[in-house]
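For clarity, every value in this text was computed on a predicted model and none was experimentally measured. In what follows, chains carry the letters A, B, and so on, assigned in the order in which the sequence lines appear, proteins first and then strands, with residues in each chain numbered from 1.
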Amino acid sequence: MAVDITYKNGVLVLKRLGNFDIESILECGQCFRWERNKKNDYTGIVGKNVVRIAQTGDSVEFIGCDLNDFNDFWFSYFDLGTDYEAIIKELSANDEIMKTAAGFAPGIRILKQPLFETLVSFIISANNSIPNIKRIITSLSSMYGKRIIFENNEYFSFPEPTALANADVKDIALSKAGYRSQYIRKTAAAFMTDPLTVTMLKDMAYANAKKKLMEYTGVGSKVADCTLLFSGAFTNAFPVDVWVKRVMEELYLKEDTPIKKISDYAINKFGNLGGYAQQYLFFYARSNL
DNA sequence: CCACAGGACGGCT
DNA sequence: AGCCGTCCTGTG
């Protein structure tokens with residue numbers, strides 16, 4: 001069952017990689033900077049790292065990636081050190097709903113994304129649709145990021161806090177971020193003077209880390225939970241958006257329930273696996289409800 | 001043209 | 001403390 005890793009001519013190949021479905025991982029709403037070239041073939045930029053990933057069955061190719069890139073960055077980004085089979089087993093025990101939801105997309109993984117990038121991306125996500133969020137981030141990156149050429153195409157790294165902090169709100173608004181433009185600039189400025197790291201968040205209790213994030217302008221409960229979960233800080237974070245609210249009411253609670261109550265229910269029910277449960281439920285809801 | 005989808009904020013009870 | 005109008009953009 002062990003994963004087999006080989007590297008030749010700029011292509012790193014993982015064989016027998018379980019619980020890894022590139023489409024589920026990249027289309028489940030946790031990341032915004034991957035473009036689909038064709039089915040099961042995506043190119044993405046994370047921080048300053050660009051890579052193309054092509055999957056056939058349980059064999060996954062990382063193109064334009066050497067062993068160092070993989071060990072230093074992508075292994076952690078794709079959360080390859082975590083046993084998802086065990087997580088699904090635990091969530092599914094005595095819970096037919098989770099069994100169905102996780103069984104629907106067992107190849108989902110929760111990415112560990114750079115903190116500032118994740119925070120700003122989810123500030124942009126507030127009251128917004130996924131295609132629009134992607135457009136805004138692409139636009140901001142081309143204005144304030146660094147240009148990188150990969151496979152003869154042009155990519156731009158996510159902007160550094162300084163670049164956004166020093167930008168004019170009017171210029172940020174050219175990205176079509178709308179009223180979120182001032183949130184982006186203010187948060188970047190705060191981040192620049194008082195940088196926050198995932199390590200710092202992990203050293204706090206979950207509730208304190210969430211409070212800390214909610215001090216940034218444009219960050220409410222949902223955006224804070226998304227940032228904690230998708231930066232790899234807390235696996236118990238359970239972001240409740242309209243879809244999760246819908247699926248929780250439909251499958252578990254059977255009645256209209258305030259968001260805060262849904263959070264409490266999930267924390268109590270799923271504990272440290274809440275974040276994984278949320279992703280399975282979210283993906284299931286988007287595809288079936 | 002209008003209705004609607006998607007969360008945070010701030011002003012109001 | 002909770003309720004609700006407003007914010008911006010894209011789509012049907």
Side-chain angles (χ1 to χ4, degrees), chain A residues 26-33 35-36 113 115-144 159 164-165 167-191 196 201 206-231 233-234 237-250 253 255-267 274-275 278-279 281-289:
Chain A
L26 300 178
E27 310 269 11
C28 68
Q30 60 179 328
C31 55
F32 306 101
R33 304 214 65 200
E35 291 167 29
R36 183 168 148 158
Q113 307 178 69
L115 182 61
F116 179 69
E117 186 167 333
T118 309
L119 178 61
V120 173
S121 296
F122 282 95
I123 285 174
I124 292 165
S125 82
N127 213 11
N128 215 340
S129 66
I130 290 172
N132 202 31
I133 297 161
K134 287 183 175 177
R135 273 193 291 269
I136 293 168
I137 294 173
T138 300
S139 167
L140 281 178
S141 298
S142 69
M143 283 192 280
Y144 299 107
L164 291 172
D168 194 308
V169 176
K170 290 260 191 300
D171 291 328
I172 292 177
L174 295 174
S175 70
K176 310 285 185 187
Y179 61 87
R180 306 166 196 85
S181 303
Q182 54 174 321
Y183 302 159
I184 296 168
R185 203 203 62 76
K186 279 187 189 169
T187 297
F191 218 88
L196 188 65
L201 290 171
Y206 161 74
N208 292 334
K210 182 167 175 175
K211 249 181 233 163
K212 175 71 192 164
L213 286 178
M214 288 176 68
E215 288 171 8
Y216 295 106
T217 323
V219 181
S221 175
K222 194 268 182 181
V223 169
D225 275 333
C226 284
T227 305
L228 290 176
L229 182 59
F230 303 131
S231 67
F234 285 89
F238 190 91
V240 182
D241 68 353
V242 290
W243 288 96
V244 174
K245 183 175 189 292
R246 213 168 279 165
V247 72
M248 288 299 287
E249 287 169 349
E250 177 122 352
L253 299 153
E255 62 181 348
D256 191 39
T257 312
I259 287 169
K260 176 78 178 96
K261 290 237 179 208
I262 296 176
S263 286
D264 293 343
Y265 179 89
I267 285 166
Q278 191 268 6
Q279 278 307 93
L281 290 166
F282 178 81
F283 196 89
Y284 183 78
R286 295 284 309 219
S287 311
N288 294 287
L289 297 190

[X] has a side chain; which of [options] sits nearest to it?
X: A/Arg135; options: B/dG7, C/dT11, C/dT9; value: C/dT11
X: A/Lys176; options: B/dG7, C/dT9, B/dG6; value: C/dT9
X: A/Tyr183; options: C/dC8, C/dT9, B/dC9; value: B/dC9
X: A/Asn127; options: B/dC9, B/dG6, B/dA8; value: B/dG6

| query | Any chance NZ of A/Lys176 has more than 12 other-residue heavy atoms, nucleotides or ligands included, within less than 6.0 Å? | reply | no
Starting from [atom2] on [N], measure out to [atom1] on [X] and report it in whole angstrom.
X: A/Asp256; N: C/dC3; atom1: CG; atom2: P; result: 11 Å
X: A/Lys222; N: B/dC9; atom1: NZ; atom2: C1'; result: 16 Å
X: A/Ile259; N: C/dC4; atom1: CD1; atom2: P; result: 14 Å
X: A/Ile133; N: B/dG6; atom1: CD1; atom2: P; result: 11 Å
X: A/Lys261; N: C/dA1; atom1: NZ; atom2: C1'; result: 14 Å
X: A/Ile123; N: C/dC8; atom1: CD1; atom2: P; result: 17 Å
X: A/Gln182; N: B/dA8; atom1: CD; atom2: C1'; result: 11 Å
X: A/Arg180; N: B/dA5; atom1: CZ; atom2: P; result: 16 Å

| Does the side chain of A/Lys210 pick up a donor-acceptor pair with the side chain of A/Ser221 at under 3.5 Å? | yes
| For the rings on A/Phe238 and A/Phe282, is their centre-to-centre separation under 6.0 Å? | no
| So, do A/Lys134 and A/Glu35 sit near enough that their side-chain heavy atoms are less than 4.5 Å apart? | no
| query | A/Phe191 vs A/Phe116 aromatic rings, parallel, tilted or perpendicular, using cut-offs 30° and 60°? | reply | tilted
| said: Considering every strand and a 4.0 Å limit on heavy-atom distances, what is the contact class for A/Ser181: base, sugar-phosphate, or nothing? | reply: nothing
| message | Classify A/Arg286 by what it touches in the nucleic acid, base, sugar-phosphate, or nothing, heavy-atom distance under 4.0 Å. | response | nothing
| said: On DNA chain C, does the nearest nucleotide to A/Gly178 precede the nearest nucleotide to A/Pro131 from the 5' side, or the other way round? Give the residue. | reply: A/Gly178
| When you match A/Asn132 and A/Tyr216 each to their closest nucleotide on DNA chain B, which lands nearer the 5' end? | A/Asn132
| task | Kindly say whether, by distance alone, the side chain of A/Tyr179 makes a donor-acceptor pair under 3.5 Å with the base of B/dG7? | result | yes
| query | When you check the phosphate oxygens OP1 and OP2 of B/dG6, does a side-chain N or O of A/Trp243 lie under 4.0 Å from one of them? | reply | yes
